[in-house]
Amino acid sequence: MIPSLQTVGRVLSGIGPKDGGLWMPKAASTVAHEVDFVFQFVFWISVFFFVLIVALMVYFVIRYRVRDGVDAEKTATHNLGLELTWSGIPLVLALVIFYLGFKGFMDISTPPANAYEVLVTAQKWSWQFTYPNGYVDADLHVPVDRPIRLVMQSEDVIHSFYVPAFRIKRDVVPGRYNKTWFEATDPGRYQVFCAEYCGTGHSSMLANVVVHRPGGFETWLEKASNFLETMSPVEAGRKLYTARGCAQCHSTDGTVKTGPTFKGFFGRAVTLSDGSTVVADEDYCRESMIDPHAKVVVGFEPVMPTFQGRLKDEEITCIIQYLKSLGSGGDDAVDR
Ligand code: CUA
């Protein structure tokens, strides 16, 4: 595919293509242009010196090549003016780059005092966002044009919270709180990645940032927070299944992932890793959320984190109702 002139122009100019270019995704936060500018600045300095040095090298190789009848002659001594120039220019450039980079780093590291705070929990392999009223969601919803401060922790290994459109990336480390902030400038939906290799599910450790128009965020939060009252238990359970990360490891279509599929799981006789058998009833499902390593289904690793204290009783009940709705093996079902 031959890129259009417009695309070439956008790539070459680089700075601030609103919908993103060949190299950069859409710039959708207040710091994005600052980051892009430093990148372009360093990049074009590098291109300039690369071309200059290679061109001079080729020229000298040709100009001073070995020729018949011309004896090699050593004439070079030193040239103070030249040496000062080639030391001074890089020094100034390095100082300018340091200044731009440091200023941008400080801006990205220092959230404004009035920022809205959301807690972020990373665990293998999902993100959870806890809002000030206690509501937890698998996506990050924020209002537009408002600084958002994220206080992030990991339940297990090191993850990294990365939103390319906002130009922010920050490690999420167990045992400490890492913070980052951003202010989204355009309503829309943006991709969150995990940027630290954290195991088999790393590449599917995704979430969305949903940037709401003015007023939309408050309405959304109010509605979303009341889901236990407004939804049926099965619907609420389905919502929790995706919002709380169950979906990362348990499919509902029969696919085997990190954990057993939920399709036809409820009510079935299940063989455990110690050879015993248990019926996957309400109590078994509940115990597996509270104490996941107590009874592990044969063929699976005991890697599930506990949800004790993180799921309310009512929420556990809804998830169990959802599991039931996915069908059961019935009385005559035998495991494997
Ligand atoms: Cu979490 Cu990679």
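In this text, all values refer to a predicted model and were calculated from it rather than measured experimentally.
Under the side chain to side chain contact (heavy atoms under 4.5 Å, CB included) criterion, Val51 pairs with Val47, not counting sequence neighbours. Every residue two or more places apart in sequence or in another chain was checked for a salt bridge (Lys or Arg N to Asp or Glu O under 4.0 Å) with Glu183, and none qualifies. When the side chain to side chain contact (heavy atoms under 4.5 Å, CB included) test is applied to Thr261, the partners found at least two apart in sequence or on another chain are Ser251, Lys263. Residues satisfying the ring pair (Phe, Tyr, Trp, His ring centres under 6.0 Å) test with His293, not counting sequence neighbours, are none. Shown here are the ring pair (Phe, Tyr, Trp, His ring centres under 6.0 Å) partners of Phe49, two or more places apart in sequence or in another chain: there are none. Pro260 pairs by the side chain to side chain contact (heavy atoms under 4.5 Å, CB included) definition with His250, Phe265, Val297, Phe300, not counting sequence neighbours. Residues forming a side chain to side chain contact (heavy atoms under 4.5 Å, CB included) with Glu314 (at least two apart in sequence, or on another chain): Leu228. Checked against ring pair (Phe, Tyr, Trp, His ring centres under 6.0 Å), Trp181 has no partners two or more places apart in sequence or in another chain. Phe129 pairs by the ring pair (Phe, Tyr, Trp, His ring centres under 6.0 Å) definition with nothing, not counting sequence neighbours.
Nearest heavy atoms, Val234 versus Gln321: CG2-O, 3.8 Å.
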Solution key, residues 195-209 side-chain donor-acceptor pairs under 3.5 Å, sequence neighbours excluded:
{"residue": "His202", "atom": "ND1", "partner": "Glu196", "partner atom": "O", "Å": "3.1"}
{"residue": "Ser204", "atom": "OG", "partner": "Gly201", "partner atom": "O", "Å": "3.0"}

Only pairs under 3.5 Å count here: list side-chain donor-acceptor contacts from residues 94-104, not counting sequence neighbours, and write none if there are none.
{"residue": "Lys103", "atom": "NZ", "partner": "Glu34", "partner atom": "OE2", "Å": "3.4"}
{"residue": "Lys103", "atom": "NZ", "partner": "Asp107", "partner atom": "OD2", "Å": "3.4"}

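A continuous path of Ile, Leu, Val, Met, Phe, Trp and Tyr side chains, each step under 4.5 Å between heavy atoms, connects Phe307 with Ile316, placing both in one hydrophobic cluster.
Applying the salt bridge (Lys or Arg N to Asp or Glu O under 4.0 Å) test to every pair with at least one member in residues 290-310, sequence neighbours left out, gives these pairs: Glu155-Arg310, Glu287-Lys295.
Aromatic ring pairs are classed by plane angle as parallel below 30°, tilted from 30° to 60° and perpendicular above 60°; the pair Tyr131 and Phe217 is tilted.
Ser160 places none of its side-chain heavy atoms less than 4.5 Å from the side chain of Phe193.
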